Amino acid sequence: MDSLKPIGTNETQTAPRRRLSLRDEFMLAMLPTFVVLAVFLLVEFVSNQRLLFASLASSAFLIYLDPQHGTNRVRTLVLSQLLAAVIGFGAYKALGSTSPYVAGGVAMVVTITLMITLDAVHPPAVSTSLAFAFRAGDESSIVTFAAAVAVTAMLVGMQRAAVWALARRALVPER
């Protein structure tokens, strides 16, 4: 399964991410932190569904932790998060008013099953399905969430560029 292995390695060789200097680790962590804060600001202006976006903070941290890992590919992130939102919303509409815990359980199981089947495993999406299943709001919440996912997907590219720049800086001695 491609979404469960680091990008660019074979199945028998999985090297952990090299630890950077403390300064570089903080520089790398700042980018996803600022992106998540920007998404929260956007959500504040557009919607009153703040908790629906909490899983994107976990996504951003995973991208910081290992931007080269298969769970953090743009395809995996976008497909799993949007799928989870739609499944959670559907479970809420079908079962939420009478059985919220059943709606949450169904949303979670269906989301996990489809992530595995579609090879798009991104663990924070499980909490997205639960958030939508427990309190979905209206259809506009999915549109707003999709926009926030798009911003988070851009983070993947920015984070990879930052890793590349830090690695290049490490190869060139400072003067």
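These figures come from a predicted structure and were not determined experimentally.
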Kindly give the heavy-atom pair with the smallest separation between [X] and [Y], and that separation in Å.
X      : Y      : value
Thr76  : Val121 : CG2-O, 3.4 Å
Ala125 : Ser80  : CB-O, 3.5 Å
His122 : Asn72  : CE1-OD1, 3.8 Å
Gly104 : Ala133 : CA-CB, 3.7 Å

Only residue of Leu79, Val78, Leu77 satisfying side-chain contact (heavy atoms from CB on, under 4.5 Å) with Gln81 is Leu77
Using the rule that two of Ile, Leu, Val, Met, Phe, Trp, Tyr join whenever any of their side-chain heavy atoms come within less than 4.5 Å, decide whether Tyr101 and Leu130 are in one cluster.
yes
Co-membership, hydrophobic cluster, residues Ile116 and Val109, 4.5 Å side-chain
no
From [atom1] ([X]) to [atom2] ([Y]), nearest 0.5 Å:
X      : Y      : atom1 : atom2 : answer
Ile112 : Thr117 : CD1   : OG1   : 11.5 Å
Thr113 : Ile87  : OG1   : CD1   : 8.5 Å
Ser55  : Phe132 : OG    : CZ    : 8.5 Å
Thr128 : Leu83  : OG1   : CG    : 10.5 Å
Leu118 : Arg75  : CG    : CZ    : 7.0 Å

Got His69 and Leu62 here, is their nearest side-chain heavy-atom distance under 4.5 Å?
no
